[in-house]
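On a predicted model such as this, the values are computed, not experimentally measured, just so you know. Chain identifiers are assigned alphabetically (A, B, ...) following the order of the sequence lines, protein sequences preceding nucleic acid strands; residue numbering begins at 1 within each chain.
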Amino acid sequence: MHAPVSWLRELADVPADATGADIAAALVKVGLEEEGLSGGDISGPIVVGRVLTVEPEPQKNGKTVNWCTVDVGDHGQRVTEGKAQEIVCGAHNFSAGDLVVCVLPGGVLPGGFEISARKTYGHVSNGMICSARELGLGDDHDGIILLTELLGADAAASLQPGDDAIALLGLADEVVEVNVTPDRGYCFSLRGIAREYALSTGAAYRDPADLRVAEGDGTGYPVHLTDDAPVEGVVGCDRYVARVVRGVDVGAATPQWMRKRLTQVGMRPISLAVDVTNYVMMLLGQPLHAFDLQTLSGAVGTRRARVGEKLTTLDDVARALDPEDLLIVDGSDTPLAIAGVMGGEASEVTSATTDVLIEAAHFDPISIARSSRRHRLVTEASKRFERGVDPAVAAAAAQLAVDLLVEHGGGTADPGATDVGEPRTPAAIAFDTALPTRYVGLDYPREEVLSTLRAIGCVVQDDAGDAGDAGDDVVTVQPPSWRPDLADGPDLVEEVARVRGYDQIPSVLPQPKDGHGLTHGQRVRRVIATTLAHQGLVEVLTYPFVARDLFDRLGYAPDDSRRRAEALVNPLSEEAPLMRTSVLDTLQDALRRNVARGHRDVAVYEVGLVTVGREDAAVAPVPGIEVRPDDATLDRIREAVPAQPRHVAMAAAGDASVAGPWGPARPYDASDAVAWVLTLGTALGLDLEVQAADRSPWHPGRCASISLPDGTVVGHAGELHPKVTAALDLPARSVAAEVDVDVLIAATGTPRQADELSTYPAAHTDVALVVDEQVPAGRVEAALRAGAGEGLESVHLFDVYRGEQVGDGRKSLAYRLTFRAPDRTLTTDEVSALRDAAVAAAAEQTGAVQR
Amino acid sequence: MSGPNTQYDPVEVAALDPAAVEQAVTDALAAIAAADSLEALKAARLAHQGEKSPLALANREIGALPPSAKAEAGKRVGQARGRVGQALAGRQVELEAERDARILVEETVDLTVRTPRRPLGARHPISLVSERIEDIFVAMGWEIAEGPEVESEWLNFDALNLSPDHPARGEADTFFVAPAGSGLVLRTHTSPVQVRTMLDREPPIYILCPGKVFRTDDLDATHTPVFHQFEGLVVDEGITMAHLKGALDAFVQRLFGDGIVTRLRPNYFPFTEPSAEIDCQCWVCGGADASCRTCGGTGWIELGGCGMVNQRVLRAAGVDPQRYSGFAFGLGIERSLMLRHGVGDMHDIVEGDVRFSRQFGMEI
């Protein structure tokens, strides 16, 4: 909302020396955030000029410019060269003798445009003859300003060349722009802004709605308020004021002061009837509508739209109406307007209009909000009705519009006035005057509380009188008609607190009695994230949205449960409408982007939630909020929310160890991905197990599933399937892993019991076992461990050999076994026996033959 | 060794002749001095101290001497052997030192290569800032509460006093989960976690709710549809706006620097009443620099919103507003990161370029 300072001064006693910035600061203090400050960036010389000569000069480019001399009084070239100002002007709407506005060299126009003498079209142009737009007076740039037109012949007659045009036209007027929060609908008006300014500064305030109003007397234009289907039980229109003005000259010019104010508040002057309704709306906050009376037949009224009904609105859009839309209709039941949103084309005031019906009504905010949203039509009117318009101001607004039309359009107001409906007033609040002190933590004396509430317009019924003291000191507060947002005690506390100033609130650190620190799961997640970073992976955060065909590209089988993804109704992009079911779904995007940006060797990871698609799409209930919903309802709400386990995914391409002075590079391979996951287990004190697995999107021969000792799968790791890397446009041989963090969290958390450390010497012995190619080393290792029993401290596979000596389809696995006893030094014979037992178990379980 | 030879005149034995012994020593010392390597010294040791060396031979002859002559000859030979042995040991030390020095020089490698064989990874700075903020509040005795990102409309909107007609509930701001009318959205703030906590446990509640949230904004330099927030909630007996201000002041001092304070400006949010906008003093210029890029010269930086928990929200979550009051606040983690670390473009935060995370390392 824009508030021109000069306009504000009419409504509140703004100190003469207060700047726009001062006013903005005062408004910020009471909760109107400053959005901008404009104006005040214009400086002279900008003067009245009388055109002396105009010489049209056709140019090669087809344009004709005018080489002019202008009398600018005792300024410019008259002073320096003793002659009239010489100016090149491209406009053609003037002739010698016209009074114009000239900016002379040294002058600065809005936006900081400094004007200097410059050579153009073969002349030195000593300044500019200005258009309305150049001076910030409106949009008009079709020609230059003619002061006789702008100000009227009478006002122009007294002007002299050289008069200061800045003062004349109020060009230096500052405009404060504030953001109006949704609860303060009344601040979408100068009336409301001025009231807030007065509240903030204590300045005197004059209510512009305080004027003589023709009372509704039953003789005005007939209006009926009908509503067969109130929204949420609230009637669509609870007050309708109608006034008629006949014989209006709609072609009459809107007075300059009104045009300027409309321009300053960001509206385009259009025609007298429209400008008057907009002006009154800006002043009082009451949206008005002007109908061409001749187009109406019979009584005007309201009703809800019918299925299939259509209305072409003022913006020339034929709109299909919804049965919930509130309409203004005439006696023939023809829709005239979507109430409170936009009028219809057919009843619009046109250049042929002579008689006007002014509507000043109060509509249900929710009904208007829904119509506005439904038709994607946000208008100045809907914006105000949605946020609450003062229902008490309607008659005054209609009166002011009538007065202005009569004054400037020469019409005659019908003597009768229509005023029907019974507007709801905000309910009275039983208010404990000690609540502000208790709620804010700053002492607000009772007197201050009451005087603040009265200052904002509340009527306070102080039963206890001034004798009221501490304890149960409850007063009855009737909020003013323009404050429908004041509904309970804390609403009033805010008023008391903001008027004193939030800057007065002390700073007191709250002291919780106990805190349990991070949860086990939160600590585990930090360990996981840090462990992966220490292994060379870089954490990224991706958007969790995926394409419908991603699961095909990942090679998921048709019945793979990971295909069951939740979809969005309104995705960011139709190309990614699903929620990821694995973190790898979106991590691969980050891997690809990095590779595309030239990072050949890259490893990334992400910890995040995935969404498990629901099998049965239960609807989450949406109960009321007056009380806590019952447990069954809350359970249904919680159960409708899909499961969202936390996963971590890892992916890498290129080299794991780069080439350097130390030797050649080593590319990432599937075992790196497995090692990442196993290292997570090590970091968390978990003994994870590895089995060969075949799972998309991994290479069927290079994929491992990693599980807890009880068999619970933690995740999968390995090299991505060649078809997947091709389909995802990733480097061949990219590796990846995906782990369910929640499983790791659940598997940890009970204190691990320490093993006793034996200080007796370890005995090492190596064995080479030949097995069939398809026997996984993990199985051989498990068999060795099982066979050797507790005396075996560690098993390390240090070499794998394939070749003639072991035969086709066979491999030799060389293990170093380390034995240690807790209570003695093992003898050579004991070690041999343990080793033999280990080998025997391997032979039995895997067919291993010792070499 | 030969046995005693009583016929032998010891005085006449050439090997024990003083001049011969002296010559043997002289020869040995010369050879030792001339040895220029440990191998040469080894050869000299063999020649002059070995079993067939003149002094060894001489020593052997001593046994054949009559007792009267043994002492003198023994002393002479013993001293000679001692001198040689000393020279050998000294030279040995010299040559070993030379060798060691040479080997260390030969073993020199160039360690000025900065590329590590296997570079360290990095945390994402959003995670690091988030954890830092969590730690600030945990240190004050708060707890960290979390919840789902796909959330029910009731918990995300209604329970927070955002009525079904609230503009933020439109598709222009909120992602809705299919099918239409499912009652599910992608949470637009972490406030549903506050509600879940109030539903699940009795006050006192002191929680911070960090997490990922979603709004249908397009990605540009300052906006992203998927971003991170942290919201605080305190519900206890006697909680006031002064406590809210105290918690915020403590937070900004720990994140942005000692002495920094917040400023509250009246504002409106459906879930709080009274409500306020949180500004934080500019920690870069303190308001002293009209051209400050961090605060735009105003001296204050807008951080987020806050207020006293609306009594309707308390009631919906089953908290008795007559007994308890509470405050809540919400701030953006991306914004905190951008402000604190001068990140100029949101794209860098969301695109996952490893160069971005690597700048920050593991602690922020």
- Checking B:Trp154 side chain against A:Pro623 main chain: does a donor-acceptor pair fall under 3.5 Å? yes
- Task: Give a yes or no answer on whether the side chain of B:Arg132 reaches the backbone of B:Ile364 with a donor-acceptor pair at less than 3.5 Å.
- Result: yes
- Residue, of A:Leu572, A:Leu32, A:Val493, A:Thr519, that accumulates the most heavy atom pairs under 4.5 Å with chain B: A:Leu572
- Message: Please classify the contact between A:Thr611 and chain B as side chain, backbone, both or neither, with a heavy-atom cut-off of under 4.5 Å.
- Response: side chain
- Message: Need one label for A:Pro182: side chain, backbone, both or neither, based on atoms under 4.5 Å from any heavy atom in chain B.
- Response: both
- Query: In terms of heavy-atom proximity below 4.5 Å to chain A, should B:Glu351 be classed as side chain, backbone, both, or neither?
  - Reply: both
- Any donor-acceptor pair under 3.5 Å from A:Glu494 side chain to B:Ser275 backbone: yes
- Task: Please look at A:Thr530 and chain B and tell me whether the side chain, the backbone, both or neither of the residue comes under 4.5 angstrom of a heavy atom of that chain.
- Result: both
- Hey, does the side chain of A:Arg370 reach the backbone of A:Glu324 with a donor-acceptor pair shorter than 3.5 angstrom? no
- Query: Taking every heavy-atom pair that is under 4.5 Å apart, which of A:Val607, A:Ile366, A:Asn570, A:Val569 has the most such pairs with chain B?
  - Reply: A:Asn570
- Query: Among B:Leu199, B:Thr224, B:Asn161, who wins on heavy-atom pairs under 4.5 Å with chain A?
  - Reply: B:Leu199
- Item | Region of B:Asp236 that comes under 4.5 Å of a non-hydrogen atom in chain A | side chain
- Message: Taking side chain as everything from C-beta outward and backbone as N, CA, C, O, which of these in A:Arg184 sits under 4.5 Å from a heavy atom of chain B? Side chain, backbone, both or neither.
- Response: neither
- Message: When you measure from the side chain of A:Tyr605 to the backbone of A:Ala529, do you find a donor-acceptor pair of N or O atoms at a distance under 3.5 Å?
- Response: yes
- Query: Which bit of B:His166 is near chain A, if near means a heavy-atom gap under 4.5 Å: side chain, backbone, both or neither?
  - Reply: backbone
- Region of A:His599 in contact with chain B, defined by heavy-atom distances below 4.5 Å: side chain
- Message: Please classify the contact of A:Asn594 with chain B as side chain, backbone, both or neither, using a heavy-atom distance under 4.5 Å.
- Response: side chain
- Task: Against chain A, label B:Glu363 side chain, backbone, both or neither, depending on which of its atoms sit under 4.5 Å from a heavy atom there.
- Result: neither
- Query: Does B:Arg315 reach the side chain of A:Arg628, with side-chain heavy atoms less than 4.5 Å apart?
  - Reply: no
- Item | Main-chain N/O of A:Gly624 paired with A:Glu626 side-chain donor or acceptor, under 3.5 Å | no
- Message: Can you tell me which portion of A:Arg592 sits under 4.5 Å from chain B's heavy atoms? Options are side chain, backbone, both or neither.
- Response: neither
- Task: Under 4.5 Å heavy-atom distance to chain A, tell me which part of B:Ser152 shows up: side chain, backbone, both or neither.
- Result: both
- Task: Below 4.5 Å from any heavy atom of chain B, which atoms of A:Pro577 appear? Answer side chain, backbone, both or neither.
- Result: neither
- Note on the structure: Okay, A:Glu495 and chain B: the region with an atom under 4.5 Å from a heavy atom over there is neither
- Task: Identify which part of A:Ala656 has an atom lying under 4.5 Å from any heavy atom of chain B, answering side chain, backbone, both or neither.
- Result: backbone
- Query: Is the count of non-hydrogen atoms from other residues, nucleotides or ligands lying under 6.0 Å from A:Arg373 atom CZ greater than 12?
  - Reply: yes
- Note on the structure: Looking only at A:Pro512, A:Pro490, A:Gly31, the option with the highest number of non-hydrogen pairs under 4.5 Å against chain B is A:Pro512
- Which of A:Leu591, A:Ile505, A:Val28 touches chain B most, by non-hydrogen pairs under 4.5 Å: A:Ile505
- Note on the structure: So, the part of B:Pro270 with a heavy atom under 4.5 Å from chain A: the answer is neither
- For chain A, which of B:Arg196, B:Met198, B:Glu171 has the most heavy-atom pairs under 4.5 Å? B:Glu171
- Query: Are B:Phe175 and A:Phe545 close enough that their ring centres sit under 6.0 Å apart?
  - Reply: yes
- Quick check: does any side chain N or O of B:Glu334 sit under 3.5 Å from a backbone N or O of B:His228, one acting as donor and the other as acceptor? yes
- Message: With heavy-atom distances below 4.5 Å as the criterion, would you say the side chains of A:Asp601 and A:Val658 are in contact?
- Response: yes
- Message: I'd like to know if B:Asp353 pairs up with A:Arg593 as an ion pair, taking the criterion as any Lys NZ or Arg NE/NH1/NH2 lying under 4.0 Å from an Asp or Glu carboxylate oxygen.
- Response: no
- For each of B:Ser127, B:Ala159, B:Pro125, tally heavy-atom pairs with chain A at distances under 4.5 Å, and name the one with the top tally. B:Ser127
- Item | SB check A:Asp503 B:Arg263 (cutoff 4.0 Å) | no
- Query: Has the side chain of A:Lys29 got a donor or acceptor atom that lies under 3.5 Å from a matching backbone atom of A:Val499?
  - Reply: yes
- Message: Taking side chain as everything from C-beta outward and backbone as N, CA, C, O, which of these in B:Val226 sits under 4.5 Å from a heavy atom of chain A? Side chain, backbone, both or neither.
- Response: both
- Message: At a heavy-atom distance under 4.5 Å, which candidate from A:Ala497, A:Gly489, A:Pro629, A:Ser372 has the highest pair count against chain B?
- Response: A:Pro629
- Task: Let me know if B:Phe327 has heavy atoms under 4.5 Å from chain A in its side chain, its backbone, both or neither.
- Result: side chain
- Task: Could you look at B:Ala276 and say if it's the side chain, the backbone, both or neither that has a heavy atom under 4.5 Å from chain A?
- Result: both
- Checking heavy atoms, do the side chain of A:Gln522, its backbone, both or neither come under 4.5 Å from chain B? side chain
- Message: Counting only non-hydrogen atoms closer than 4.5 Å, does B:Leu155 touch chain A with its backbone (N, CA, C, O), its side chain (CB onward), both, or neither?
- Response: side chain
- Task: Show your reasoning for whether salt bridge (charged side-chain N to carboxylate O under 4.0 Å, His left out) applies to B:Arg117 and A:Asp655.
- Result: CA-CA 10 Å; B:Arg117 202 180 295 209; A:Asp655 290 336; over 6 Å; no
- Would you please indicate if the ring centroids of B:Phe176 and B:Phe214 are separated by under 6.0 Å? no
- Message: If you compare all heavy atoms of B:Gly361 against all heavy atoms of B:Leu128, which two are closest, and at what distance to 0.1 Å?
- Response: O-CD1, 3.6 Å
- Message: For chain A, which candidate among B:Glu143, B:Lys245, B:His124 shows the most heavy-atom pairs at distances under 4.5 Å?
- Response: B:His124
- Query: Counting only N and O atoms by type, is there a donor-acceptor contact under 3.5 Å from the side chain of B:Asp249 to the main-chain atoms of B:Gly246?
  - Reply: no
- Note on the structure: Under 4.5 Å to a heavy atom of chain B? For A:Val627 that would be backbone
- Query: With a 4.5 angstrom heavy-atom cut-off, which part of B:Arg312 approaches chain A: side chain, backbone, both or neither?
  - Reply: both
- Item | Closest-packed option against chain B by number of heavy-atom pairs under 4.5 Å, given A:Leu568, A:Val540, A:Leu509 | A:Leu568
- Which bit of B:Val309 comes within less than 4.5 Å of chain A, counting heavy atoms only: side chain, backbone, both or neither? backbone
- Query: Checking heavy atoms, do the side chain of A:Ala618, its backbone, both or neither come under 4.5 Å from chain B?
  - Reply: backbone
- Task: Just give me the residue among B:Gly183, B:Ala178, B:Gly352 that pairs up with chain A most often, heavy atom to heavy atom, under 4.5 Å.
- Result: B:Ala178
- Task: Answer with side chain, backbone, both or neither: which region of B:Met140 has an atom nearer than 4.5 Å to a non-hydrogen atom of chain A?
- Result: both
- Task: Select one option (side chain, backbone, both, neither) describing which atoms of A:Pro365 are under 4.5 Å from chain B's heavy atoms.
- Result: neither
- Verify, without hydrogens or angle tests, whether B:Ser357 (side chain) and A:Glu539 (backbone) share a donor-acceptor contact under 3.5 angstrom. yes
- Task: Against chain A, work out which of B:Ile144, B:Asp110, B:Thr216 has the most heavy-atom pairs shorter than 4.5 Å and name it.
- Result: B:Ile144
- Item | pair B:Leu219-B:Pro225: side-chain heavy atoms closer than 4.5 Å | yes
- Portion of B:Ser163 that has a non-hydrogen atom of chain A nearer than 4.5 angstrom: neither
